[in-house]
Undergrad: 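I have a structure here, written as structure tokens, and I will follow up with some questions on it.
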Amino acid sequence: MTSAGGRSPAVYRGAAPGGPEFCAASAALKGPASGKPTGQGHRRLGSPGASGRRVSSRAGPGWGCGSRCRPREPGSARGPGAAPGRGRVLSQAGVKVLVPVRCWKLLRQPQRARSPSRRQPPPPRAMIAWRLPLCVLLVAAVESHLGALGPKNVSQKDAEFERTYADDVNSELVNIYTFNHTVTRNRTEGVRVSVNVLNKQKGAPLLFVVRQKEAVVSFQVPLILRGLYQRKYLYQKVERTLCQPPTKNESEIQFFYVDVSTLSPVNTTYQLRVNRVDNFVLRTGELFTFNTTAAQPQYFKYEFPDGVDSVIVKVTSKKAFPCSVISIQDVLCPVYDLDNNVAFIGMYQTMTKKAAITVQRKDFPSNSFYVVVVVKTEDQACGGSLPFYPFVEDEPVDQGHRQKTLSVLVSQAVTSEAYVGGMLFCLGIFLSFYLLTVLLACWENWRQRKKTLLVAIDRACPESASLLGHPRVLADSFPGSAPYEGYNYGSFENGSGSTDGLVESTGSGDLSYSYQGHDQFKRRLPSGQMRQLCIAMDRSFDPVGARPRLDSMSSVEEDDYDTLTDIDSDKNVIRTKQYLCVADLARKDKRVLRKKYQIYFWNIATIAVFYALPVVQLVITYQTVVNVTGNQDICYYNFLCAHPLGNLSAFNNILSNLGYILLGLLFLLIILQREINHNRALLRNDLYALECGIPKHFGLFYAMGTALMMEGLLSACYHVCPNYTNFQFDTSFMYMIAGLCMLKLYQKRHPDINASAYSAYACLAIVIFFSVLGVVFGKGNTAFWIVFSVIHIISTLLLSTQLYYMGRWKLDSGIFRRILHVLYTDCIRQCSGPLYTDRMVLLVMGNIINWSLAAYGLIMRPNDFASYLLAIGICNLLLYFAFYIIMKLRSGERIKLIPLLCIVCTSVVWGFALFFFFQGLSTWQKTPAESREHNRDCILLDFFDDHDIWHFLSSIAMFGSFLVLLTLDDDLDTVQRDKIYVF
């Protein structure tokens, strides 16, 4: 395509060597080379009134001329036809030409009059003789060049709007149509040019050039657009909307010209029509429907009303294909409205059935913008298939009629009051939990003061206190009782953990095993006081510890072990008993375990810092790329409810993650208060804190609270620009939360043999590693799914073995021999049931679920591997939690009111949360255009969508789940540890 300033030289008639026509042609050929724009002092070639090629008055020298130039009159400074500048203007047969000075001097020098004062002799005839052949050769070369490239005729006519012109054009003819229309400053009117080429011959296309006051639009017909793999698509009918430059006058008549030319030697028939676009300006709240194709793009103008700072442009269509592109561009010329250039400027996104772009006034200084709609040549960008393409090199394909009907609606976006209301609502919800926690703490403090008052009354009458079963009063009232220091609660000196000796003790040392912590009481207390203490403790503990399935509460029976001296120290004997109590697995020093579990907190804090910093940097880069390029296909927002703030495109999705951070911090404060109260009880030598209940270790709770806060931060980072590459940011700490919750459940009854922080985080790192591999390579990769399924099944078997044997097994070269031996002795030689029935039931169910999930992944191969991996963790957590609740009730334990309320409320909240989660407002498993089909409007305060409500409810549900784990075993705070079963 050639611009208006680059067309071939203008038409002329009967140009002969040496004549003025030839001089015109030579100047015309020299004009484009000079690079000067046409303007004042330029003349047109052709017949009078015709509009032709502009010739520069500053054409350079060096062109030969004929001998028919009119001489200057003698004695005059400038003769007739003299032109200012470096040339002479001559006219013949209605054609005005500019003769270069050098040509004029060369051929007219013998006829020039000499001034008397400066008379010179004429040049020799030999000099003239060798100059004339050069002029003749130059004339012949230029004439042949013009005959090959330039048309011979120019036809110019005044044209009218709303009228169809059917004309022919060939290489010998140029058609020029002149249009004029009135432009008003306060009214914008669109003008649309429609062209249809009726001939379908292969060869030179028609070139249409529309010359306006401040813009030039050129296009060829048939129009050829390129697609994927450089495929060519041909369009015979083309329509373009002309860019309307603004006017400073109140009203102005503007002219524009449509030039039609071709290099085809045969006549080509075409139809030309210029229409006014009545609905060129969009209005707020009014739906407008139109049709468009790849060669007939449409764009409309929107002007911000007073008081409106932000609008949402919504475009819809009833059918998904053909794929289209929606672009928002500033009011500038030219407008990029073709498939191959629509992404050059402004904001744009692909579309099937829905598209929405939020536009802010501050981004457009003119307070207006264009809404450009373009149909793509191919549908692959929107998830469609490629059309059939013939294997003919450089052969364009006629796509026929790829038309799409769309509707556009511009509506006002939310105001600043909605932003303030949304933030206050979000803060109000989660700060109310702080208020509720403070009220509960005050109520608990009142209960403790009331209990302290009763203790003070009991101290006045210690005998009655012993009958009422207050061991704390008795312990504190004994003379010489030392404060707590280095107390190894629940540990053993020479026994397995039975308290029968403690109950029956008379202060003698005949027992073979006893609690280490009671030695200091035995040494300091008289035998009568010690008996009183033991009777009081026995009365307090026995009713709660009654168990229906065992005749004796001792954790070690005579039949369980051989009477060897290593019985007290051999782990294999204790941990492989058929019935275990918490005292059997709480033998280690409390200070060692405390440091061991505090490592969970410090490790996850370190992981959080090193993980979060590059994530924040990366998502900021993503957001910057979106803002700079305008490509809104990079991020998978819910565009119908994405409220920008500053550089953030979806502030509401980020704000809704605040709940994770605030509730995680609140959980940490609750854990801190519990730890302080527990340490104070230990300092008071509180026997309930020393000898009763589940051992209190808070390191995992601190890690869980930190993980919840980091989940909020990384989820907010993910929603800065959600896509498949950074979805792992949103799920990484979900894996950690699921793993930490399972570890905490296991730690409650197995404090001595729980996994260390290093091994636990190493396993979680492997999980995250597979998550990354699945996101990058898992989509449709059969080999990856086979490898992952095998690893999943093997890991399940290894973990099951570890849990069943309490870690008392070895993975070495003899493992297969031992497996065969067990199968032979227990299944073939004699069929015997499992030794640990409860554990076997849990592990069988767990293996069934995990093997089913592995088979599902191998067969279905879901695209969202990260969510699939998270589902595996959640299913195992729910299975273990349900098993824990069932076994707790089966063991005769009860659930207190507060944890019961937490379980019920949390289950309800989880149900509602999952409902909103599965609404699926966007999905990066599909193309961006297909994902936008799931977009929905805001449903809460016109500011939050379904996924935001999922954030609210899931953060509350996670907080409630943590409280359940924290308070679930509060009913055991007064039960001795050797009467608490392990399961």
Undergrad: Going by the rule side-chain hydrogen bond (donor to acceptor under 3.5 Å, both in side chains), which residues pair with N291 if we only count those two or more places apart in sequence or in a different chain?
TA: T405

Undergrad: State, without any angle test, whether Q412 and T284 hold a side-chain donor-acceptor pair at a distance under 3.5 Å.
TA: no

Undergrad: Determine whether the side chains of T923 and S931 contain a donor N or O and an acceptor N or O closer than 3.5 Å.
TA: no

Undergrad: List the atom of C426, the atom of L655, and the distance in Å for their closest heavy-atom pair.
TA: SG-O, 3.5 Å

Undergrad: Take atom CD1 in I253; do more than 12 heavy atoms of anything else shown fall under 6.0 Å from it?
TA: no

Undergrad: In terms of side-chain heavy atoms, does S732 have a donor or acceptor partner in Y611 at a distance below 3.5 Å?
TA: yes

Undergrad: R192 pairs by side chain to side chain contact (heavy atoms under 4.5 Å, CB included) with which of Q296, R273, R240?
TA: Q296

Undergrad: For R283, I'd like to know if atom CZ has over 12 heavy atoms of other residues, nucleotides or ligands within 6.0 Å.
TA: no

Undergrad: For K301, does the NZ atom have more than 12 heavy-atom neighbours from other residues, nucleotides or ligands under 6.0 Å away?
TA: yes

Undergrad: Ring centres of Y636 and Y724 under 6.0 Å apart?
TA: no

Undergrad: Kindly give the heavy-atom pair with the smallest separation between F944 and D948, and that separation in Å.
TA: CA-OD2, 3.3 Å

Undergrad: Crowded around N647 CG? As in, over 12 foreign heavy atoms under 6.0 Å?
TA: no

Undergrad: Centroid-to-centroid, F916 to F952, below 6.0 Å?
TA: no

Undergrad: Is the number of heavy atoms from other residues, nucleotides or ligands within 6.0 Å of CZ (F161) greater than 12?
TA: yes

Undergrad: For K354, enumerate each residue passing the salt bridge (charged side-chain N to carboxylate O under 4.0 Å, His left out) test, keeping only those at least two apart in sequence or located in another chain.
TA: none

Undergrad: Side-chain donor-acceptor pair under 3.5 Å between N638 and D945, yes or no?
TA: yes

Undergrad: What distance do D167 atom CG and L272 atom CG have between them, rounded to the nearest 0.5 Å?
TA: 8.0 Å

